[in-house]
Amino acid sequence: MKQIALFLLFVINSFAITISGIGFSNNENEAKKLALEDLSHNISVIVQSDYTSFIDKNDKSYNKKINKLINIKSDLPILSASFGYSDVTFTATATIDSKTALHIYTQKLNDLSKEINKAIESFEKAKNNTEKYNMLELANELAQSYEKYEIVALMLGYKKDTNTTQISSSDITAKMITLASSIDSIELATKIIAQTFKNYKNIFVFAPVVNGSNEITPFGVAIKDNLNSKINQSKFTDSIYTLTGSYEISENGAIFLTYTLSDKLTNAPIASKSILLDANSYRSLRAKPNNLSFDNEIELAKDKLRSELIVDLSFKDTSNKSLLLRKNQEVSLVAKSNRQSY
């Protein structure tokens, strides 16, 4: 039986940046999917472990934005990846490099920026709160896409224009919270979310997580279970799309929940829905995580961690990032430590 393998390659020099992923399968299509997933994961790891130090020197606020996005999931959108196959060695290689991809990402960012500005202008001209919310929801969806594409573009050598300021998804979220009407039950919340994605089939639903955490709370499980009963969902191996969620908890207990539908193969965002749940909607369900993320723990305990070895384990397979496992399920883990170890 033929085994298709896609190999990892990461090269940086004065002329080009090249990154590749690795995957193993008995057919080319499955190997391609696995390679793109691994390529996205590799970019995430590189950004978090190496590249943030460079960005921190130029834009400290953006450093926080990157950590927030990458800490939750490794689903960065991949454009212009090239593939090569060899029947002799039964191997295949998927590669993305700055020479061919950087201008595509730059154009994508320019287009998204124009669409975001147009949505914000429509928001400012809207005559009622319903119209204002709809425009902010559109702007938020575009801004989240912009931030993901920008992370990859920066890895490929993209230079930010310091003379212009792009509104962030966090700023838009703050505006949406002030306008949104509270929803008083998880059942109603998931009905509204499911309605947004009713025209899509074969969706794998992830439980939502608090921004900055990987922990799945009882609230997150309840949202996932309710959505699964209303979405055209499927197993991860059979899915075409993924539905990922994140939420923020306000001081009064209200929860601002956002779900984004993405193409499983490329991780490109397709559509999103944001809603505000009243504190009474989840009552006895715990929504706050018990533990800090690995990166937040390091940030809050730098002095202590200089002498202690701390190791964080996470799932390599993106289908397991919700931390919900089935009995006898086999998993692959990735280890991350605060200092060199073996």
Side-chain angles (χ1 to χ4, degrees), residues 23 25 27 29-30 32-38 40-41 69 72-78 137 140-141 144-145 148 183 185-211 213-248 255-277 281-282 285-287 289 314-332:
S25 180
N27 63 78
N29 287 335
E30 184 63 22
K32 182 177 179 181
K33 291 180 182 180
L34 294 174
L36 287 173
E37 288 178 9
D38 195 52
S40 175
H41 173 78
L69 286 172
I72 298 173
K73 50 189 175 293
S74 299
D75 58 358
L76 299 177
I78 304 300
E137 192 169 49
N140 190 42
E141 177 184 332
Q144 289 181 349
S145 295
K148 288 185 178 182
I183 295 172
S185 71
I186 288 178
E187 176 68 19
L188 176 58
T190 51
K191 277 185 177 180
I192 294 174
I193 293 173
Q195 182 68 18
T196 303
F197 311 112
K198 65 179 181 179
N199 295 326
Y200 298 91
K201 296 181 179 181
N202 297 329
I203 302 172
F204 185 84
V205 181
F206 289 104
V209 295
V210 175
N211 285 329
S213 173
N214 292 316
E215 180 183 340
I216 303 300
T217 63
F219 168 81
V221 174
I223 291 291
K224 173 183 167 63
D225 290 345
N226 273 268
L227 265 179
N228 273 337
S229 66
K230 303 175 179 67
I231 289 284
N232 292 314
Q233 54 97 19
S234 67
K235 296 179 180 179
F236 184 78
T237 52
D238 301 326
S239 62
I240 299 175
Y241 307 100
T242 59
L243 194 60
T244 56
S246 61
Y247 61 94
E248 298 179 7
I255 289 180
F256 190 77
L257 172 66
T258 298
Y259 257 99
T260 300
L261 183 78
S262 301
D263 183 284
K264 177 186 171 183
L265 179 61
T266 65
N267 290 322
I270 297 172
S272 67
K273 181 65 179 179
S274 299
I275 56 175
L276 185 68
L277 290 87
S281 65
Y282 57 96
L285 294 174
R286 179 174 59 83
S314 60
F315 293 109
K316 187 177 189 298
D317 183 354
T318 55
S319 66
N320 294 319
K321 63 187 174 187
S322 62
L323 305 184
L324 298 176
L325 300 178
R326 299 181 298 275
K327 186 177 180 180
N328 298 324
Q329 179 179 350
E330 294 185 1
V331 297
S332 297

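Numbers for residues simply follow the sequence, beginning at 1. Just so it is clear, the model here is predicted, and its values are computed rather than measured.
Screening E137, E141, Q195 against K273 for a side-chain hydrogen bond (donor to acceptor under 3.5 Å, both in side chains) leaves a single residue, E137.
Expressed to the nearest 0.5 Å, how far CZ of F256 lies from OG of S246 amounts to 9.0 Å. To the nearest 0.5 Å, atom CD1 of residue I275 and atom CD1 of residue I193 are 4.0 Å apart. Going from atom OH of Y247 over to atom OG1 of T258 covers 12.5 Å, rounded to the nearest 0.5 Å. Residue N267 holds its CG atom at 6.5 Å from OG1 of T242, rounded to the nearest 0.5 Å. K198 contributes atom NZ, which lies 13.0 Å from atom CD1 of I203 (distance to the nearest 0.5 angstrom). Atom CD1 of I255 and atom OG of S281 lie 6.5 Å apart (nearest 0.5 Å).
Here the closest heavy-atom approach between residue Q233 and residue N228 is recorded as CG-O, 3.4 Å. A pairwise comparison of heavy atoms in K201 and Y241 identifies O-CD1, 3.3 Å as the closest pair. In terms of heavy atoms, F204 sits closest to K235 at CD1-C, 3.8 Å. In this structure, I270 and S262 approach most closely via the heavy-atom pair CD1-C, 4.1 Å. Scanning all heavy atoms of the two residues, the minimum distance from P208 to L257 falls at CB-CD1, 3.8 Å. Residue T190 comes nearest to L227 through the heavy atom pair O-CD2, 3.7 Å, listed as atom of the first residue, atom of the second, then distance.
For the residue pair T260 / Q144, a side-chain donor-acceptor distance below 3.5 Å is found, with atom types taken as modelled.
Proximity of Y200 to L243: side-chain heavy atoms (C-beta onward) are nowhere separated by under 4.5 Å. At least one side-chain heavy atom of I186 sits under 4.5 Å from a side-chain heavy atom of F219. In this structure, the side chains of E187 and N226 come closer than 4.5 Å at one or more pairs of heavy atoms.
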Practice prompt. Start with the C-alpha gap between V209 and N214, add the side-chain angles, then the distance that decides, and say whether side-chain contact (heavy atoms from CB on, under 4.5 Å) holds.
Written response: CA-CA 6 Å; V209 295; N214 292 316; 5.8 Å; no

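A donor-acceptor contact shorter than 3.5 Å is absent between the side chain of Y259 and the backbone of A194.
Geometric assessment of K230 against the ring of F197 yields a negative cation-pi assignment under the 6.0 Å and 45° thresholds.
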